[in-house]
Amino acid sequence: MQRRNKPEVLAPAGNLRGLKTAVDYGADAVYCGGKAFGMRSAPKNLSLEDFEEGARYAHERGARVYVTFNVLPRNNEVEAMREYLGKLKDTGVDALIVSDIGVMLMAKQVAPNLELHVSTQAGVTNYQAANAFYELGARRVVLAREMDLQAVRDIRARIPDDLDIECFVHGAMCMAFSGRCLFSNYLTGRDGNHGECAQPCRWKYSIVEEKRPGQYFPIEQTAEGAYLFNSQDMNMLAHIDDLLDSGATSLKIEGRSKSAYYIAAMTNAYKTAVNEYMVQRGFEDADGNVLKPFRDRVIRPDDPEYGKPDTEDAIMANADGAFAGKPDIDAVPVGGVPSGNVSAGNVSSGNIAIGEPDDLSYHARSTRRKSNTAAEILPEGWHHAGVRPAPHVTLPDWLLDEPDKVAHRDYSTGFYYPEHKVRQSTDRSAYFRAWLVVGEVLSWSPEDGGRVTIMSRNKIEAGQEVEFVLPGAAPFAYTVPAGGFRDADGHWVEAINNPAHVFSMPCPQEVPVNAAIRSRTKKPTLKAE
């Protein structure tokens, strides 16, 4: 298998519509589950017929489709998995994501045409494990989410170049991180290792003392109790240069249970960021023409520069540069932003307890931190893999704002920066939502200076500011004019105020079919979409 000449943006899909949306918004590949044996049972998932249509749709547009086949199977499921795999192999999908070695060997026998990717469920945390899976036929490893950037670099330096490294970059993080958790099964009988997790780690808990039954004591000294294991969401958008320079070849967005809008917005954001990376690193020109093949900046053991103590660590240099002149993020007081000239946009959401809903409009970005700064005693002859220095890839403000425009929990950068690890939000499990989907585009016509026909989701009225989410571009911001609304029969109406009905309104710019239309909420909420 040839090394890919561009980093891959891998988007989630819980149904056929989500798959097509991901492809339309730039995904290089989409991962989705079938009706059985995947790690997400809540979404509708895809039938065999859906996989055939989805794979055809993706391939026509240069994208690929991966199927999650990563449950930890019980004895009575093995033959059923074999039968299902025999049907799945003929649908045109490109790869299987597996976690069980037995399933992996079964796939090599039953579906040798499918590429094998090792799931994060397998807990790959070192290069020896990655190489072992490579020898068994895997062409990709999805690293455990508790890996820092230095660990990614060390693995990249010691595995074959044609073994892909896939890393999570955005979305929810399980409190058990690599995913093997029995909490849900123990409390509810719903097996998280079979895609049925009830997420009890996000429930509210209080303490009951043995001799005081019925008397509940909050763990945190608040009237609302506490959420013990409620992990933050991941957001690596501003830091993908560090991850790609460190050897990642695929950037994975979490969210197979998410809406088509979420898939569109986050796929578009990461794809645009990768395009910026490719141009600023000199791999492509502004029109997307290849100037040289993509390659990471990891210094490998056979390189003359390997292990030299004076080799500049580009990631640490970038961290220093981004952190210069900013306050100690861990010293930010609970309840708000520090005084002075620091804006909320410079503060990591993972370290701020948000008080009033109005505070939800802050830019939830993590401050870049150094990688692997803790003192270590290394064995004789061992050297961490360094990276060749390069300037930080800068992204436009509109792009950095995109993660704040979907429902999310507190953001963090996961475990990639050891000084700034993901934390548990112990005071709530709610989502922040400051933007709302108000409609979806059904068609656009140039008549009357441009009109867009939409399926309404929420109210739109004259003077309202909306944004159309456009693939490969910044959102189109538009103030809705007065006197231009029509219903499905062409009758003039004062406002769009009936959800799930067809309306049209003026729109001077052509917008694509299925584009989401969003607007700021009048009062930000703590609810998911």
Side-chain angles (χ1 to χ4, degrees), residues 3-9 28 143 147-159 161 164-170 235-252 269-326 365-373 383-397 399-400 413-420:
R3 291 277 288 131
R4 293 179 177 82
N5 61 7
K6 189 167 185 174
E8 176 186 87
V9 173
D28 301 291
L143 296 187
M147 307 297 285
D148 65 20
L149 285 174
Q150 183 63 69
V152 178
R153 288 149 61 174
D154 289 337
I155 291 173
R156 176 79 277 169
R158 295 169 176 83
I159 63 175
D161 275 355
D164 280 352
I165 290 179
E166 183 179 304
C167 294
F168 281 90
V169 292
H170 200 92
N235 175 12
M236 282 290 288
L237 184 64
H239 311 277
I240 64 162
D241 54 345
D242 284 354
L243 195 50
L244 293 173
D245 287 349
S246 295
T249 43
S250 179
L251 306 178
K252 186 170 193 171
Y270 279 89
K271 181 65 174 181
T272 304
V274 167
N275 290 342
E276 288 284 344
Y277 172 91
M278 294 296 284
V279 171
Q280 293 183 40
R281 283 286 188 267
F283 297 116
E284 292 180 352
D285 62 21
D287 295 323
N289 299 309
V290 176
L291 301 177
K292 60 182 180 181
F294 163 68
R295 186 173 177 83
D296 57 73
R297 308 186 72 82
V298 176
I299 301 172
R300 289 154 170 78
D302 58 357
D303 192 294
E305 294 182 48
Y306 179 77
K308 288 187 176 180
D310 57 348
T311 301
E312 180 185 358
D313 187 324
I315 288 178
M316 292 176 70
N318 285 344
D320 287 337
F323 195 64
K326 295 183 180 179
R365 301 178 198 161
S366 298
T367 300
R368 182 183 296 267
R369 292 295 188 97
K370 296 179 182 180
S371 178
N372 195 50
T373 54
H383 296 284
H384 280 307
V387 290
R388 289 182 173 83
H392 173 48
V393 170
T394 57
L395 302 177
D397 287 341
L399 185 56
L400 294 171
T413 51
F415 288 89
Y416 289 117
Y417 300 93
E419 287 188 30
H420 190 49

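Scope of the values below: all heavy atoms of this structure, side chains included, with no hydrogens, waters or symmetry mates. The chain is numbered in sequence order, starting from 1.
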Exercise for the section: Assess the pair Tyr416 and His239: is the distance between their ring centroids shorter than 6.0 Å? Expected result: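 Aromatic pair excluded; centres sit 6.0 Å or further apart.
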Nearest heavy-atom neighbours spanning [X] and [Y]:
{"X": "Val387", "Y": "Ser246", "answer": "CG1-CA, 4.4 Å"}
{"X": "Asp28", "Y": "Pro7", "answer": "OD2-O, 3.7 Å"}
{"X": "Arg295", "Y": "Phe283", "answer": "O-CZ, 3.4 Å"}
{"X": "Thr249", "Y": "Arg156", "answer": "CG2-NH1, 4.0 Å"}
{"X": "Asp296", "Y": "Asp245", "answer": "CB-O, 3.7 Å"}
{"X": "Arg297", "Y": "Pro389", "answer": "NH2-O, 3.0 Å"}

Practice task
Would you confirm whether Asp303, through its side chain, and Glu305, through its main-chain N or O, come within 3.5 Å as a donor-acceptor pair?
Solution key: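 Indeed, once roles are kept as given, a pair shorter than 3.5 Å links the two residues.
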Practice task
Using the side-chain contact (heavy atoms from CB on, under 4.5 Å) rule, take Leu291 and Met278 through it: C-alpha gap first, then chi angles, then the decisive distance, then the call.
Solution key: CA-CA 10 Å; Leu291 301 177; Met278 294 296 284; over 6 Å; no
Exercise for the section: Go through the structure and list residues passing side chain to side chain contact (heavy atoms under 4.5 Å, CB included) with Pro301, not counting sequence neighbours. Expected result: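 Counting only residues at least two positions away or on another chain, Pro301 forms a side chain to side chain contact (heavy atoms under 4.5 Å, CB included) with Ala157, Arg158, Tyr306.
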State, yes or no, whether a side-chain contact exists between [X] and [Y] at a heavy-atom distance under 4.5 Å.
{"X": "Val393", "Y": "Ile240", "result": "no"}
{"X": "Leu244", "Y": "Leu251", "result": "yes"}
{"X": "His383", "Y": "Ile299", "result": "no"}
{"X": "Leu243", "Y": "Cys167", "result": "yes"}
{"X": "Phe168", "Y": "Met147", "result": "no"}

Problem - Residues which pass side chain to side chain donor-acceptor pair (under 3.5 Å) with Asp154, listed by chain and number, not counting sequence neighbours - result: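 Listed in chain order: Gln150, His384.
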Exercise for the section: Please step through side-chain contact (heavy atoms from CB on, under 4.5 Å) for the pair Arg300 and Asp161, ending with a clear verdict. Expected result: CA-CA 11 Å; Arg300 289 154 170 78; Asp161 275 355; 3.3 Å; yes
Practice task
Begin with the C-alpha distance, continue with both residues' side-chain angles, and end with the deciding distance and a verdict on side-chain contact (heavy atoms from CB on, under 4.5 Å) for Met236 and Tyr417.
Solution key: CA-CA 11 Å; Met236 282 290 288; Tyr417 300 93; 4.2 Å; yes
Could you give the distance from [atom1] ([X]) to [atom2] ([Y]), rounded to the nearest 0.5 Å?
{"X": "Asp241", "Y": "Leu395", "atom1": "CG", "atom2": "CG", "result": "7.5 Å"}
{"X": "Leu399", "Y": "Tyr270", "atom1": "CG", "atom2": "OH", "result": "9.0 Å"}
{"X": "Gln280", "Y": "Thr394", "atom1": "CD", "atom2": "OG1", "result": "4.0 Å"}

